[in-house]
Structures are given as C-alpha cells and as structure tokens.
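Written out below as structure tokens is the structure these notes cover.
Since this is a predicted model, take the numbers as computed values, not measurements. Values below: all heavy atoms of this structure, side chains included; hydrogens, waters and symmetry mates excluded.
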Amino acid sequence: MFEHHYKPLKMQPCYKEYPWGGGRLKTEYGKSDAPAITAESWELASHPDGASAVAGGEYTGKTIADLGRADKEGFWGSNCKMEQFPLMVKLIDAAKDLSIQVHPSDGTALLGEQGKAEMWYIVDCEPQAFIYFGFSRRISKEEFMERARDGTICEALNRVPVKKGDVFYILPGTIHTIGAGSVIAEIQQNSNTTFRIYDFQRKDTDGKLRPLHLERAAEVVSYKPIIPQNCRANSNVVFPGFSMSEMFCCDYFQAHRIDVMGEITLRCDGISFHHLLCVEGNGLICADRASWPFARGDSYFLPAALGEYKIQGKCRMLLSRV
C-alpha cells in the first residue's frame with residue numbers, strides 16, 4: 001500500500017516480438033529500449049501476458065493492478081467495478097502481414113477465454129497499405145474451413161486500402177488482419193484471445209509452423225458479408241486551440257481523437273481514468289501547478305480522481321476511457 005497522490009503517470013510499455021514486427025516503434029516512436037524488431041508496444045496493459053508499469057516518480061514500477069489494489073476507485077474509477085482492468089491500448093508496427101484471425105465476443109468465449117472488441121486508428125502507413133476486413137460475400141462453414149486450409153481464404157475477404165487517420169471498428173466475430181506497411185494504435189477490451197486462421201506458412205523461432213485455431217475460429221466467426229467503411233466521428237467539436245472527435249463508443253470503452261493547436265482543458269471526474277497516447281507532435285500535460293512533457297509515442301495514465309488537467313502544445317492525442 002502507498003499514499004495516494006493523483007497525478008499524470010507516464011507509462012512504460014511492455015514489448016512483443018512477433019515475426020511480422022518491424023523497427024519503427026524503436027526509431028520513430030520513442031521506444032529506445034525496445035528490441036530492434038518489435039511488433040507491439042502494450043502502452044496500457046494489465047494482463048497475464050504482459051503489463052505496463054509507471055515509468056517515473058514515486059510510483060515507478062507500479063502496475064495498473066498495483067494501483068487498483070491500493071485504491072481502485074481513485075485510480076481506475078467508479079465505472080471499473082470488475083476485478084480485472086477493462087482496457088488495453090497498443091501501438092502495432094506491421095512490417096509484414098499479420099495472420100488472418102478472429103476474436104470471440106463475451107457471448108461466444110469459452111471458460112478461460114475473453115471477448116475482444118477493438119478499434120484501429122491508422123497512425124501512419126505506406127501508400128500501398130491495406131487491411132483485410134470481413135467477408136466480401138456470404139460463405140459456408142465448409143468453404144471457410146477449406147479456404148483456411150488451402151491458403152485461399154483472402155480471396156473471400158474485403159481488401160481495404162487505408163490511409164493515415166482512418167478508423168475501423170473490429171467487432172468480435174469479424175475476420176480481419178493488418179497488411180504490411182502500417183503503424184496502428186489499437187484500443188480494445190483487455191483480452192489477448194486470438195484465433196489464428198491462416199498465417200502464410202510462417203515459422204516460429206524453433207522453425208515450426210505457428211499453430212492455427214480453425215475449430216474455435218469456425219465457431220466464433222461471423223459468416224455474414226460486410227461492407228467495410230471508415231468509421232467517421234459522430235461529432236467534431238472545434239474551438240480555438242483544439243478540436244475533438246469521437247472515434248468509437250461501445251459498451252466496453254470510449255475513444256476520442258484530440259487535435260491540440262494551443263491548449264485544451266479536460267477533467268477526470270471520478271467515473272473513469274483517462275489514457276492519453278500521443279501519435280503526433282509534442283507538448284505538456286499540466287495539473288495541479290505541475291507539468292509533464294510528452295512526445296510522439298508517449299503514453300500517460302491519468303487517475304480517475306485527478307480532476308482538471310490541461311494539454312498544451314501542438315499534437316494529436318488519442319484519449320480512451322471506460
């Protein structure tokens with residue numbers, strides 16, 4: 001236990017080295033301590049597979065779980081009544097195509113699994129970058145299994161070009177993947193449950209083909225076709241010094257894009273923590289007559305009981321909460 005001082009907490013991410021990762025998080029997004037090839041930077045995570053921790057000050061090394069054990073309502077907020085922290089935020093560097101995959105919902109997850117709704121924000125991408133997103137036509141379970149096994153599954157999917165600033169909702173049951181050439185911010189339920197459908201015959205570090213999960217995938221995937229669209233903000237509030245757009249709102253989390261051209265005042269009202277991820281520019285977070293600098297790639301956890309704070313500078317921030 002420790003005495004509580006509510007202030008912005010810079011987060012130290014944990015890193016994931018998957019075979020499709022690249023070097024951009026290390027060289028372009030401030031992750032100097034990351035491995036040379038890093039696939040994912042878990043900016044806000046409290047999960048058995050990885051946890052982020054406070055990077056400096058009196059709470060150095062404390063995890064989100066540690067903060068919750070000390071004062072759940074003060075740090076997490078009154079909306080977080082569950083034992084497990086509800087949110088995960090990642091930066092993803094897809095230097096190569098990710099596997100074709102699907103996630104369960106809370107309803108289709110089995111014991112020991114967790115549902116996973118997620119949102120993608122395209123931080124940056126190469127001109128030819130794309131995602132696969134949902135079936136382009138209705139197919140049967142039998143055709144799905146056959147195409148997954150013979151490697152033709154992509155022929156039945158929507159191939160969607162992407163550009164910087166695009167937003168996509170990846171609801172549970174939607175077959176999807178990220179193509180090579182994108183850096184993506186992913187905001188999601190706190191789950192690492194992924195059923196791999198096809199992986200381009202890639203091998204792991206031991207020279208073995210990475211395992212697939214076709215039987216479970218077939219039970220949770222939605223076979224209905226979808227028409228992919230960029231998810232547009234429901235509103236765009238513009239004031240002198242900043243603008244704010246809602247990117248996604250669901251039962252599990254809310255996500256906003258904030259463009260600061262001077263200053264914005266926000267408030268943690270005790271209901272939920274705020275998480276801020278800087279995807280462009282730099283500036284200061286100011287609270288209680290103190291300030292904390294940030295630059296592209298930096299991530300801050302703001303306790304629910306913090307109260308009023310300001311963001312100053314010229315930057316684009318992704319704000320998530322529950």
| field | Partners passing side chain to side chain donor-acceptor pair (under 3.5 Å) against Glu43 (at least two apart in sequence or in another chain) | value | Lys31, Ser41
| salt bridge (Lys or Arg N to Asp or Glu O under 4.0 Å) involving Lys10 - partner list, sequence neighbours excluded | Asp298
| said: Could you work out, with side chain to side chain donor-acceptor pair (under 3.5 Å) as the rule, every residue matching Ser222, not counting sequence neighbours? | reply: none
| His275: partners by ring pair (Phe, Tyr, Trp, His ring centres under 6.0 Å), with sequence neighbours left out | none
| task | Just jot down the ring pair (Phe, Tyr, Trp, His ring centres under 6.0 Å) partners of Phe135, sequence neighbours excluded, or say none. | result | none
| message | Could you work out, with ring pair (Phe, Tyr, Trp, His ring centres under 6.0 Å) as the rule, every residue matching Phe242, not counting sequence neighbours? | response | Phe239
| Do any pairs count as a salt bridge (charged side-chain N to carboxylate O under 4.0 Å, His left out) and have a residue in residues 93-107, sequence neighbours left out, and if so which ones? | none
| said: Test of understanding: with side chain to side chain donor-acceptor pair (under 3.5 Å), list the residues that count as partners of Lys224, not counting sequence neighbours. | reply: none
| Phe301 and Phe75 aromatic centres sub-6.0 Å | no
| said: Can you pull out every salt bridge (charged side-chain N to carboxylate O under 4.0 Å, His left out) where at least one residue sits in residues 121-136? Sequence neighbours excluded, please. | reply: Arg24-Asp124
| query | Does Lys16 make a cation-pi contact with Trp42 (under 6.0 Å, within 45 degrees of the axis)? | reply | yes
| said: Holding to ring pair (Phe, Tyr, Trp, His ring centres under 6.0 Å), I want the full list of residues that pass it with Tyr15, two or more places apart in sequence or in another chain. | reply: none
| field | Aromatic centroids of His274 and Tyr309 separated by under 6.0 Å | value | yes
| remark: Contacts of Thr38 meeting side chain to side chain donor-acceptor pair (under 3.5 Å) (sequence neighbours excluded), chain-then-number -> none
Got a list of side-chain donor-acceptor pairs under 3.5 Å for residues 280-288, not counting sequence neighbours?
none

| query | Does Thr27 use its side chain to pair, donor to acceptor, with the backbone of Gly23 at less than 3.5 Å? | reply | yes
